[in-house]
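Below is one structure, written out as structure tokens; the observations come after it.
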Amino acid sequence: MDIVVSGIRSTGNLHLGNYFGAIRNFLKMQHENHCFFFIADYHSLTTHPTPEDLQGNVRQVLSEYLACGIDPEVATVYLQSDLPEVAELYLLLNMNAYIGELERTTTFKEKVRLQPENVNAGLLTYPVLMAADIIIHKAAKVPVGKDQEQNLEMTRKFAKRFNNMYKVEYFPEPVPYNFGKDLIKIPGLDGSGKMGKSEGNGIFLAEDADSIRKKVMRAVTDIGPTEENQNMSEPVHNLFTLMKVVSDTDTIDFFLEKYNNCTIRYGEMKKQLAEDIIRFTSPIRDKILTIHKDKTYLGKVIREGAEKARASASKTIKEVRDIIGFKTF
Ligand code: TRP
């Protein structure tokens, strides 16, 4: 069993793209590894610093992950801010991270572009905190998307640098957790690209039926096929991709045939797609609402998670302090 750490952004709600991308794989991964899932609420302060941001978002995101089937009895589920050990390791790693390499990080440059009025030091040292999150549990693997690969590379760099500096083989160098072909890319409803939260092209797990219907009916299509077995345009291909994950094969074949013999009516296809999406998301949505209301349950999950996570983290910190040379008198 490998130790796996995964940080979850506390900003933004889960959409179908997240579900068929990472989350479905997390559900499997949690049984095959020793998983630590945490909500990255310290990190969120770099962009969302208020108490309202924190309280609303953390509870929602936690409820959504639990509703999807992340099991706190199996995996360790906790809040980053419940681990003071992470803040301490972050401080220690910062002494050994260079301004130049941090300034060159793509995610930092992107944030500078997005919020030029708030280029805080937390943004600059974001990869150091992320490294602390990961190596505090001496993780072997981290599931990361393309956008986080460089940050994970920095984690390996910091781990290795620590080992070299103190002539120890203490921290493992964590590698990406590879889902291989299990990662389904879900397209958005706006005709091109993948589903995301910022683009407004996504369907959220917590979204109500009417809103889903409206979004799907507005999805981009084309003028329709004019020749039999015509190649599909990207927007239409995308609708079929969505159908593949939520509809049954008969339904897909029905509309494929209609496309191929040029009798398809996109309105009819979208109506069916919307109902199939709703059939898929509504049990998850119901669970999200139930869990979100259950403060006692959420409190218990977070307390027990923090306890398990701190057991692992405090062991590491103790050893790290020892290696660095802090002595008690
Ligand atoms: N940076 C990650 C993201 O934006 C979140 C994150 C923080 C993370 N710490 C982590 C992911 C540690 C994996 C491991 O999605």
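Keep in mind it's a predicted model, so treat the numbers as computed, not measured. In each ligand, atom 1 is the first atom listed, and ligand 1 is the first ligand listed.
- The atoms of ligand 1 that sit less than 4.0 Å from any heavy atom of Y126 are 1 (N), 2 (C), 3 (C), 4 (O), 5 (C).
- Here the side chain of S282 pairs a donor or acceptor atom with the backbone of I278 at under 3.5 angstrom.
- Ligand 1 places these atoms under 4.0 Å from at least one heavy atom of V142: 13 (C), 14 (C).
- Summarising the local packing, CD of E307 is surrounded by 12 or fewer heavy atoms from other residues, nucleotides or ligands at distances under 6.0 Å.
- Of all the heavy atoms of Q148, the ones lying under 4.0 Å from any atom of ligand 1 belong exclusively to the side chain.
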Exercise answer: donor-acceptor pairs, residues 249-260 side-chain atoms, under 3.5 Å, sequence neighbours excluded:
residue	atom	partner	partner atom	Å
T251	OG1	D248	OD1	2.6
Y259	OH	N231	O	3.2
N260	ND2	L256	O	3.3

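- Note on L54: it does not cluster hydrophobically with Y78, by side-chain heavy-atom contacts below 4.5 Å among ILVMFWY residues.
- Using a 4.0 Å cut-off to heavy atoms of H43, the atoms of ligand 1 that qualify are 7 (C), 9 (N).
- The main-chain N or O of T107 is never found under 3.5 Å from a side-chain atom of E110 such that the two would form a donor-acceptor pair.
- Close approach of ligand 1 to D133 (heavy-atom distance below 4.0 Å) involves ligand atoms 7 (C), 9 (N), 10 (C), 12 (C).
- Residue contacts with ligand 1, taken as heavy atom pairs separated by less than 4.0 Å, do not involve F36 at all.
- Below 4.0 Å from some heavy atom of R9 lie the following atoms of ligand 1, by number and element: 3 (C), 4 (O), 15 (O).
- In this structure, the protein non-hydrogen atom closest to atom 13 (C) of ligand 1 is G7 N, 3.2 Å.
- Residue contacts with ligand 1, taken as heavy atom pairs separated by less than 4.0 Å, involve I134 solely via side-chain atoms from C-beta onward.
- Pairing each heavy atom of N120 with each of L123, the nearest pair is OD1-N, 2.8 Å.
- Checking side-chain atoms of Q80 against main-chain N and O of Y42 turns up a donor-acceptor pair under 3.5 Å.
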